[in-house]
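Inspection log for the structure reproduced underneath, given as structure tokens.
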Amino acid sequence: MEEKDKENNGSSGGTTRRQFLGQVGLAGAGLQLAPLLAKATGILPDNEALPIEPITVNIMINGSQKTLTIDTRVTLLDALREKLMMTGTKKGCDHGQCGACTVLVDGRRINSCLHLAAMCEGSEVTTIEGLAKGDDLHPMQAAFLKHDGFQCGYCTPGQICSAVGLVKEGRAKTDAEIRELMSGNICRCGAYQNILAAIKEVQNA
Ligand code: FES
Ligand code: FES
């Protein structure tokens with residue numbers, strides 16, 4: 001009878017089943033927190049990588065819904081280029097300094113090398129590949145062609161996306177303002193005068 005009572009109570013060596021399960025749960029949580037605590041206390045070196053669970057992100061890219069399973073640390077730029085093989089968006093500095101990676105997120109121009117793909121859940125992203133409508137170039141693409149707004153072309157996808165965003169913002173009224181608000185997009189070939197002409201043509205159309 002005493003044995004039966006012990007079993008019903010789930011008691012084992014002075015510990016009830018509930019206490020035991022509680023201890024197991026705490027141990028499990030401890031295992032999850034251990035690496036974080038170890039890093040915070042300096043026991044685990046900073047360069048020791050923590051395990052990161054991949055996440056699923058849904059993004060509308062150039063009008064097409066994409067579902068990506070990615071590491072939370074992946075930038076939008078790398079997601080576009082490495083996961084979706086959309087290499088129109090260029091990687092220049094990868095540090096937010098050159099603008100080669102500019103895309104539009106919900107109509108706003110951003111440096112995709114500084115933007116985590118995980119932050120784009122539910123957003124609409126437009127890249128250089130999404131500006132033309134079939135064989136019809138976007139007016140900004142056509143204007144860059146007409147005014148020779150490029151030489152090597154490496155900065156051009158970023159310049160065009162940025163210029164589309166700039167015109168939509170409606171803030172730049174003068175040549176100086178266009179130059180200033182496009183100053184985050186570097187052109188190593190120095191095609192600035194022609195880029196300015198292209199933007200002005202679209203802006204004044
Ligand atoms: S690659 Fe993003 S700003 Fe240079
Ligand atoms: S066209 Fe070569 S960097 Fe701009």
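All ligand and atom numbering here is 1-based and tracks the order in the structure.
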Task: Backbone of Q97 reached by a side-chain donor or acceptor of H95 within 3.5 Å - done: no

- [ ] Tell me which protein heavy atom sits closest to atom 1 (S) of ligand 2, plus the residue, atom name and distance to 0.1 Å.
- [x] Q151 N, 3.2 Å

Open item on the list: Quick check: is L77 connected to I70 through a chain of hydrophobic side chains (ILVMFWY, heavy atoms under 4.5 Å apart)?
Closed with: no

Task: Test item, A191 contacting ligand 2 (heavy atom, 4.0 angstrom) - done: no

Open item on the list: Which of the numbered atoms in ligand 2 are under 4.0 angstrom from any heavy atom belonging to C189?
Closed with: 1 (S), 2 (Fe), 3 (S)

Task: L84 with V57, same ILVMFWY side-chain cluster at under 4.5 Å - done: yes

Open item on the list: Check whether T127 reaches the backbone of E129 with its side chain - one donor and one acceptor, N or O, closer than 3.5 Å.
Closed with: yes

Open item on the list: With a 4.0 Å cut-off on N to O distance, would you call D94 and K91 a salt bridge?
Closed with: yes

- [ ] Check the hydrophobic clustering (I, L, V, M, F, W, Y; side-chain heavy atoms under 4.5 Å; chains of links allowed) and say if M86 and I128 are grouped together.
- [x] no

TODO: Could you list the atoms of ligand 1 found under 4.0 angstrom from a heavy atom of C98?
DONE: 1 (S), 3 (S), 4 (Fe)

Open item on the list: With heavy-atom distances below 4.0 Å as the criterion, list the atoms of ligand 1 near D94.
Closed with: 1 (S), 4 (Fe)

Task: Ligand-residue contact atoms, ligand 2 with C187, heavy atoms, under 4.0 Å - done: 1 (S), 3 (S), 4 (Fe)

TODO: Could you tell me the residue and atom name of the protein heavy atom closest to atom 3 (S) of ligand 2, and the distance to it rounded to 0.1 Å?
DONE: R188 N, 3.2 Å

- [ ] Identify, by atom number and element, the atoms of ligand 2 in contact range of G153, meaning under 4.0 Å from any of its heavy atoms.
- [x] 1 (S), 2 (Fe)

TODO: Measure across Q65 and I59 and return the closest heavy-atom pair with its distance rounded to 0.1 Å.
DONE: NE2-N, 3.4 Å

Open item on the list: I'd like to check which ligand 1 atoms, numbered from 1 as shown, lie under 4.0 Å from a non-hydrogen atom of G96.
Closed with: 3 (S)

TODO: Check whether any N, O or S atom of C93 sits under 2.8 Å from atom 4 (Fe) of ligand 1.
DONE: yes

Task: Result of checking I110, V105, D106 against R108 for side-chain contact (heavy atoms from CB on, under 4.5 Å) - done: I110

Open item on the list: As a check for students: among C101, S112, G158, identify the option with a heavy atom nearest to atom 2 (Fe) of ligand 1.
Closed with: C101

Open item on the list: So if I count the atoms of ligand 2 from 1 in the order they appear, which ones are less than 4.0 Å from some heavy atom of C155?
Closed with: 1 (S), 3 (S), 4 (Fe)

- [ ] Could you list which atoms of ligand 1 come closer than 4.0 Å to a heavy atom of C113?
- [x] 1 (S), 2 (Fe), 3 (S)

- [ ] Let me know which of I199, L196, I195 forms a side-chain contact (heavy atoms from CB on, under 4.5 Å) with R179.
- [x] L196

